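Start at 1 and go down the list; that is how both ligands and their atoms are numbered. Everything quoted here is computed from the prediction, not taken from an experiment. Numbers here simply count residues along the sequence, with the first being 1.
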Amino acid sequence: MSELQMLPAWLDAAGAALAGSAPPAPTLVGAGPPAPTLEGAMPGLARAQSMAPLQRLQRLQRSGLAECGGAGEPVHLAWRRFLRGRGSSVLVIDATGFDVRERGTAAVLAGAPWLLAEGVLIAIGLRDSRKVELRLPAELTGREAAFLNTVDAIRKLAQVATPGRQIEVQRDSRPGCWGEGRPADASRLVHTPETWCRIALLFAGAPFLDRGLDPDLDASLLTLRRGMTRRGLVELRRDGNLGRQIDEWGGGTEVQGQGQGRDAVLVFDDGLGGFLPLSASDLACDPLSLSAAGIVPAPSTLMVLAEGVCVVKQARRAVYRHWQLADGEEASVRGVLARAARLIAEITLGRGEVAHLAAIDAVAMELATLGLAAAWPLGSSLRYYREQWESHIRRESCPEGVCLERRAAPCHGTCPANIDIPTFMAHLGHGDHRSTIEVIRRDNPLPLTCGLVCPAPCESACVRGSHDGAVFIRPMKARAAELCLADGGYPKPTLSPDTGKRVGIVGSGPSSLTAGYYLRTLGHDVEIHEAQEFAGGMLRYGIPAYRNPPDLLEKEIDQIRALGVRIFTSAPVASVEEFRKGYDAVFLGLGTQKARLLPIEGAHLPFVLGGIDFLREARSGEPVRVGPRVVVIGGGNVAIDVALTALRQGATHVDLTSLEKRREMPASPGEIELAVAEGVQLHPGWGPLRFEEEGVAVFQFCERVKDETGRFDPKFDADRLLELEADHVILATGQGTDLACLEGSGVENTRGFIVADPKTKMTKVPGVFAGGDGQHGPRTAVEAIRSGKIAAASIDAFLRGAALDAAAAAAAAVGLPVRRAEVTPLPVLADDRTHLRRASMPERSVEETVGEGNYVKIEEGLTEAMAHDEARRCLRCDLCIGCGLCMVACSEMGVEALRMADTSAGRLAHFDFLRPAERCIGCGACTQVCPTGAISLEDRDGVRRTIITGTVVREQPLLRCSDCGAPTQTPAHREFVRLRLPDHMAVLLDRELCPSCARRRADRPAARRIETPVIGEERA
Ligand code: SF4
Ligand code: SF4
């Protein structure tokens, strides 16, 4: 069911009723035929205009209408404050404030925009508000038309109904938060869009009721989100029971609380409004009952999280958000919110002590006393989930295992091979390419190949990606590898003593090379058997030479040979059963070297080729020739490789068709752009229907590729056809494995791929392991490397006689990110760290790279300067874990020098290195709380430097103790303290003593202190 279908009756009916009416004049965008009278079009406004301001207020008071959302304050109180206000007034219609359900706001605007306009116009006449400020969300999720109509309506109608008003629209105003001060401001009248609609309905009264609108105003809109069986807008009846309404809204929750005292968690307003166990939802929904339960009195959204969620972590997120929303509020408000955020962060980082529990209780009480909305998430979590809080503090454990750990940098955790990226980037930035390669090869033995061909999932996770472009990680590996190869080869890893065990490997693709490398370093004797003339498997025969030149690949494979791994080429293994007799363990890295043809008419015709067969032949001794017109079918990276290879194998015109629309094509966007640049004609959204003998490929239009559940289930429009002439059609639609060698070995396969235990990679046959594309299906090279690495760990455990679960544990351990070293951050200027942009890869021009037989490498690689800059752009997320403690500690001090940004990687990050350059006073509050030392103070040569992961954000001179001459504090810090001390104490600062000299003076006998003129005698 769509959201709009779930719109409550009043909103639906109001929208419908108003769609047939129009305001008196002028005619508005998107309005229906003009209505003859104001009463007809806007009965609420017409009636309000006949009332004095006080009468309007009484009407509101009698109705008991409460704010829809947030604190649920009775609307008449806000109007009363506004009426009593003095001086010039600004009428603010604020939809950005606390409304955490932008989609709900958009639905209100779409369902009844006129109603919103009418509510606002009723209030415009209240006071002499010369200025009306509309604060509306920047993003209205596709309801732009409704939004613009509403804005236009308010502007024009205000001129008609109450001339001379200035209407100002802000579309991305700073979000505020309920309870954080602004609503109590008498110069402003702030309501949510829904409340404005309710006001219009209330004043309209009978005329609206005649049109069938719901007379019951004692309800508000609630957006049901994740965890509810049905999602969208519903009415929360204030006189109803919460639990029963959850059931009525359509099947209740998807997540049910079960047994053992654990329970699903109701999360209000994205956590900002508090948490409630599902079992405690037997309560009324009026604001008083909800606030008595510790929940936001008028929630806007509701979601349900499964049992097992860490509520402490959720509370931390919510309190942080409240602190962020209170930006610009007075220092006392900021201070208490910052204290709450700091205490929770310390607890979730495992630094909580018993005193923290008392402190957090006290701060929750303080928030409630001050009427701050952060009291809801904090108070309700402490009330209902106290056990979780106690567990975090007393047992130093997060019951759900999601807090209390230092997570790897997002890039590091996302890399399938788990390369410690920030560490190698720092090594390369320091100019140490040998250490760079050492670090990479702890997790991936093929840094050069990956540096050339990897789709770099690490870059999609890079924290900097949500700011100004991810760090360009991929080519940094290639650069370090090339420098090393030019410098005598990769550094040799330490080999364990020989074990005397022999491992035989079938195939020499990325999983086999990886398994071989790590098994050799573990002391085993390794032999690799490759059926083709050259080693490398799919790296050589599946990836075109313009991306991965064979000479470079061979050099990299030589680095593995150099450790003693023997690779036999042109040595096919006919029978695994026979092969395993010569070894203590066997690894099958068979790859997917067979193209899968399509079961459609004409697929057997001689001009129809398999994509992977074509790529292999193109890289073999006697390359295949195609064209001049070639049609490639497929939307992945292999299809792009086939298309670009066809252009180098004789084709002059290449069409590429895919089932998916262009933005849905699985190929990397950069690859697609490259294909277009080389002249490949894209035809996204077409599926092959048949191939005709005359050299025609016929396609039908693909309406959808997947069904609602995401399952592959293409649907076609058989009436929309596309015909393409083709001398050759090349299918890049799937690959399979040649499993003939498994005959009689007992190794199982399913749907053409080898079956192996996903944890240990061992097949049903003891001692025979499998990985790579032949086991998990066609994936990227780095995923094959991961599986080879995991297989090596469990083969090693097997060879050492360990039990299967120990083998699984060993394999699991290598599948986790491990920090390889702690490298000193690069010294980077604040301006550079903030503004350096991602490098763009230097590439040879199309003229230089295209043409028959031209496989010159397209990428030229990063220059030394570019690589250095990329290393400097890295934010060192291994050091700064994004906990935000430094920022809230600084806020608690009242300095507010640090501003971290929320990132798509789900953590905070320092991007703004310039703000502390202006504001840091060098007090050290941040360094006291930082759990990792990522932010530090350094005193040298009479100067204090504040440093964030290598970037000196501020340098300030240090004052010295007037007694001993030791450095004390910065002038800015002293001034900051002075302003906060009473005058009689502030003078003490002028004596500028270090703590120990101040203590020594305080310890002197009182008589001597009194009798002796301090300054004079001490100096004498
Ligand atoms: S900024 Fe650096 S450490 Fe952080 S995710 Fe990006 S590459 Fe990794
Ligand atoms: S600098 Fe330290 S305290 Fe600040 S966010 Fe990073 S790790 Fe946390």
Side-chain angles (χ1 to χ4, degrees), residues 316 320 338 341-342 344-346 348-351 405-415 418-429 436 439-440 456-477 817 819-823 825-826 828 833-834 836 838-839 867 869-893 897-913 916 920 924-937 946-951 953:
R316 174 191 163 187
Y320 255 116
R342 175 180 57 78
I344 308 177
E346 285 175 349
T348 54
L349 287 167
R351 308 171 98 210
E405 61 192 37
R406 240 180 108 171
R407 283 177 298 149
C411 53
H412 185 179
T414 309
C415 169
N418 294 130
I419 299 173
D420 183 354
I421 290 164
T423 297
F424 93 66
M425 297 282 284
H427 276 312
L428 194 57
T436 305
V439 167
I440 297 174
C458 55
E459 289 180 19
S460 357
C462 175
V463 168
R464 193 141 190 163
S466 55
H467 181 56
D468 57 2
V471 175
F472 207 176
I473 301 167
R474 183 200 29 106
M476 300 288 277
K477 289 183 292 224
R819 191 132 179 253
R820 298 302 182 188
E822 183 160 327
V823 183
L826 296 169
V828 192
R833 198 79 179 283
T834 308
L836 271 175
R838 177 179 160 107
D869 279 354
E870 282 306 318
R872 294 196 301 155
R873 291 183 74 233
C874 176
L875 298 168
R876 293 301 305 271
C877 306
D878 57 329
L879 299 176
C880 174
I881 56 174
C883 65
L885 267 172
C886 51
M887 177 174 62
V888 288
C890 186
S891 173
E892 209 177 334
M893 276 290 291
L898 300 173
R899 276 291 174 278
M900 299 180 80
D902 283 315
T903 67
S904 53
R907 58 201 260 162
L908 298 164
H910 285 288
F911 290 129
D912 185 351
F913 295 90
C920 173
C926 52
T927 60
Q928 296 291 318
V929 293
C930 177
T932 66
I935 191 163
S936 59
L937 292 185
T946 311
I947 307 172
I948 303 177
T949 53
T951 294
V953 290

Report summary line: Taken in chain and number order and not counting sequence neighbours, the residues that satisfy side-chain contact (heavy atoms from CB on, under 4.5 Å) with Ala821 are Thr423, Val823
Query raised in the report: What are the two closest heavy atoms between Ala456 and Arg474, and how far apart are they?
Result: CB-CB, 4.1 Å
Measuring from atom [atom1] of [X] to atom [atom2] of [Y], what distance do you get when rounded to the nearest 0.5 angstrom?
{"X": "Cys890", "Y": "Leu898", "atom1": "SG", "atom2": "CG", "result": "4.5 Å"}
{"X": "Leu937", "Y": "Ile947", "atom1": "CG", "atom2": "CD1", "result": "8.0 Å"}
{"X": "His467", "Y": "Cys462", "atom1": "NE2", "atom2": "SG", "result": "11.0 Å"}
{"X": "Asp912", "Y": "Met900", "atom1": "CG", "atom2": "CE", "result": "11.0 Å"}

Report task. Keeping waters out of it, list the protein N, O or S atoms under 2.8 Å from atom 4 (Fe) of ligand 2. Result -> Cys886 SG
Query raised in the report: Are the charged groups of Arg873 and Asp869 less than 4.0 angstrom apart, N to O?
Result: no
Requested in this report: Would you confirm whether Arg899, through its side chain, and Phe913, through its main-chain N or O, come within 3.5 Å as a donor-acceptor pair?
Outcome: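 A pair under 3.5 Å: no.
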**Report entry** Partner residues of Arg876 under the side chain to side chain donor-acceptor pair (under 3.5 Å) criterion, sequence neighbours left out
**Finding:** Asp878
Query raised in the report: Counting no waters, how many protein N/O/S atoms sit under 2.8 Å from atom 6 (Fe) of ligand 1?
Result: 1
